[in-house]
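One structure is given here, and the rest of the page talks about it.
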Amino acid sequence: MVDASVDLEALRGQMLTESFFARDARVVARALIGTRLVHVRGNRVQVARIAETEAYRGPTDRACHARFGETERTRHIFGDPGTAYCFLVYGMHDCFNVVTKGMRAGHAVLVRGAVVADDEDARADGPGRFSRVLGFTRKDSGRSVMSESLFFVPASKRARVVVTARVGVAYAEEDADLPLRFYDAEGSGVSRPPPSQIGRGQRTRKT
DNA sequence: GACCGGATTATG
DNA sequence: ATAATCCGGTCA
């Protein structure tokens with residue numbers, strides 16, 4: 001029995017397809033703000049409005065896992081656009097990414113925060129919390145995000161998007177300061193980075 | 001084979 | 001401020 005408050009077929013009809021994901025991660029990361037991720041889990045359907053993302057731009061990006069080349073862990077980041085790439089960080093938190101660009105470019109967008117519809121109690125601000133609330137673990141790596149049970153639909157309204165440096169990648173030297181983190185200026189579902197990282201390279205734009 | 005450190009979070 | 005907790009990448 002599926003949640004009657006969600007018209008799943010109507011949502012599926014709006015599914016974002018390969019052409020959306022087959023672009024540079026920087027472009028997709030920004031475009032993803034305000035979109036909704038639909039996850040069908042047994043008889044539950046979760047709809048999460050994406051509030052925060054980061055772009056990781058392949059082997060030459062010193063913060064990107066693709067810099068290790070294609071290993072067991074990083075295999076799926078070299079998959080087709082619209083593939084999920086999931087991994088474990090700090091031994092305890094899973095992170096959920098969407099592969100972009102294609103041509104084995106190793107680009108991906110990390111989802112760092114969202115607001116889950118009809119679930120005020122479920123905090124999904126922060127990459128670990130987002131993945132836990134939506135049930136993603138590294139077992140989901142390689143899954144398609146253009147499937148009946150997992151897919152994105154376009155934003156219902158325009159978002160003001162704030163751009164900053166990425167969080168937690170200080171080790172990446174010059175690439176640490178690139179403006180590749182995007183979040184909805186409205187603020188709900190956005191993680192609260194450590195004070196040392198707030199305001200790095202920040203600027204607001206309309207999209 | 002060992003060792004290091006991380007795309008984080010909860011708690012003091 | 002700091003512990004928790006695992007595993008891949010790196011070097012021996």
Side-chain angles (χ1 to χ4, degrees), chain A residues 21 24-33 37 48 50-79 81 83-101 105-116 119 121-143 145 161-184 187-202:
Chain A
F21 300 103
D24 191 296
R26 176 171 48 195
V27 174
V28 178
R30 170 186 288 264
L32 238 20
I33 300 299
L37 179 61
I50 305 303
E52 179 181 350
T53 60
E54 280 175 358
Y56 289 84
R57 305 184 61 235
T60 60
D61 178 353
R62 318 259 294 195
C64 183
H65 288 175
R67 72 187 184 280
F68 299 119
E70 195 169 340
T71 68
E72 189 54 35
R73 175 199 183 205
T74 64
R75 177 157 104 247
H76 293 111
I77 204 175
F78 294 96
T83 300
Y85 167 55
C86 303
F87 62 90
L88 187 69
V89 249
Y90 298 110
M92 57 197 87
H93 303 294
D94 286 284
C95 288
F96 175 84
N97 302 250
V98 178
V99 174
T100 76
K101 190 129 159 87
H107 282 220
V109 174
L110 170 68
V111 177
R112 289 188 54 88
V115 177
V116 181
D119 197 348
D121 300 323
R123 278 187 70 184
D125 56 320
R129 293 191 201 102
F130 172 83
S131 301
R132 182 168 51 71
V133 166
L134 285 158
F136 298 128
T137 70
R138 46 199 186 294
K139 305 235 169 206
D140 292 293
S141 211
R143 257 177 97 176
V145 299
V161 177
V162 183
V163 186
T164 75
R166 294 172 292 186
V167 173
V169 297
Y171 60 84
E173 302 174 43
E174 61 269 15
D175 293 333
D177 294 319
L178 297 175
L180 294 174
R181 171 173 174 249
F182 305 90
Y183 66 85
D184 189 331
S188 310
V190 177
S191 69
R192 202 172 76 70
S196 59
Q197 306 226 16
I198 292 176
R200 284 193 120 195
Q202 181 169 331

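Here is the naming used below: chain letters follow the sequence lines, and residue numbers restart at 1 for every chain.
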- Which whole number of Å gives the distance between the C1' atom of B:dG5 and that of C:dT2? 16 Å

- Query: Hey, is A:R67 close enough to A:D175 for a salt bridge, meaning N to O under 4.0 Å?
  - Reply: no

- Query: What orientation do A:F130 and A:F96 show, parallel under 30°, tilted 30 to 60°, or perpendicular over 60°?
  - Reply: tilted

Please tell me if [X] has a side-chain N or O lying less than 4.0 Å from either OP1 or OP2 of [N].
| X | N | result |
| --- | --- | --- |
| A:R132 | B:dA10 | yes |
| A:T71 | C:dG9 | yes |
| A:R129 | B:dA10 | yes |
| A:R138 | C:dC6 | no |

Whole-Å gap separating [atom2] ([N]) and [atom1] ([X]):
| X | N | atom1 | atom2 | result |
| --- | --- | --- | --- | --- |
| A:R67 | C:dG8 | CZ | P | 15 Å |
| A:Y85 | C:dG8 | OH | P | 10 Å |
| A:H65 | B:dT8 | NE2 | C1' | 12 Å |
| A:D125 | B:dT8 | CG | P | 13 Å |
| A:Y56 | B:dG6 | OH | C1' | 11 Å |
| A:D94 | C:dC7 | CG | P | 11 Å |
| A:E52 | B:dT8 | CD | C1' | 12 Å |
| A:R192 | B:dT8 | CZ | C1' | 14 Å |

- Watson-Crick or G-U counterpart of B:dG6, or none if no pair lies under 3.5 Å: C:dC6

- Within 45° cone of A:Y183 ring axis and under 6.0 Å: A:R112 NZ or CZ: no

Categorize [X] for me: base, sugar-phosphate, or nothing, with a 4.0 angstrom heavy-atom threshold over every strand shown.
| X | answer |
| --- | --- |
| A:R123 | nothing |
| A:F68 | sugar-phosphate |
| A:S191 | nothing |

Looking only at the side chain of [X] (C-beta and beyond, no hydrogens), which of the listed nucleotides [options] gets closest?
| X | options | value |
| --- | --- | --- |
| A:M92 | B:dT8, C:dA4, C:dG8 | C:dA4 |
| A:Y90 | B:dG6, C:dC7, B:dT9 | B:dG6 |
| A:L88 | B:dT8, C:dC7, B:dA7 | C:dC7 |

- Is there a donor on the side chain of A:H93 or the base of B:dA7 sitting less than 3.5 Å from an acceptor on the other? no

- Query: Between A:E54 and A:V167, is there a donor-acceptor pair closer than 3.5 Å when you use the side chain of the first and the backbone of the second?
  - Reply: yes

- Check whether any side-chain N or O of A:R129 sits under 3.5 Å from a backbone N or O of A:D125 as a donor-acceptor pair, and report yes or no. yes

- Item | With A:A25 via side-chain contact (heavy atoms from CB on, under 4.5 Å) - residues at least two apart | A:A55, A:R57, A:T100, A:H107, A:V109

- Flag as yes if A:Y171 stacks onto the base of B:dG6 (centroids under 5.5 Å, planes under 30°), otherwise no. no

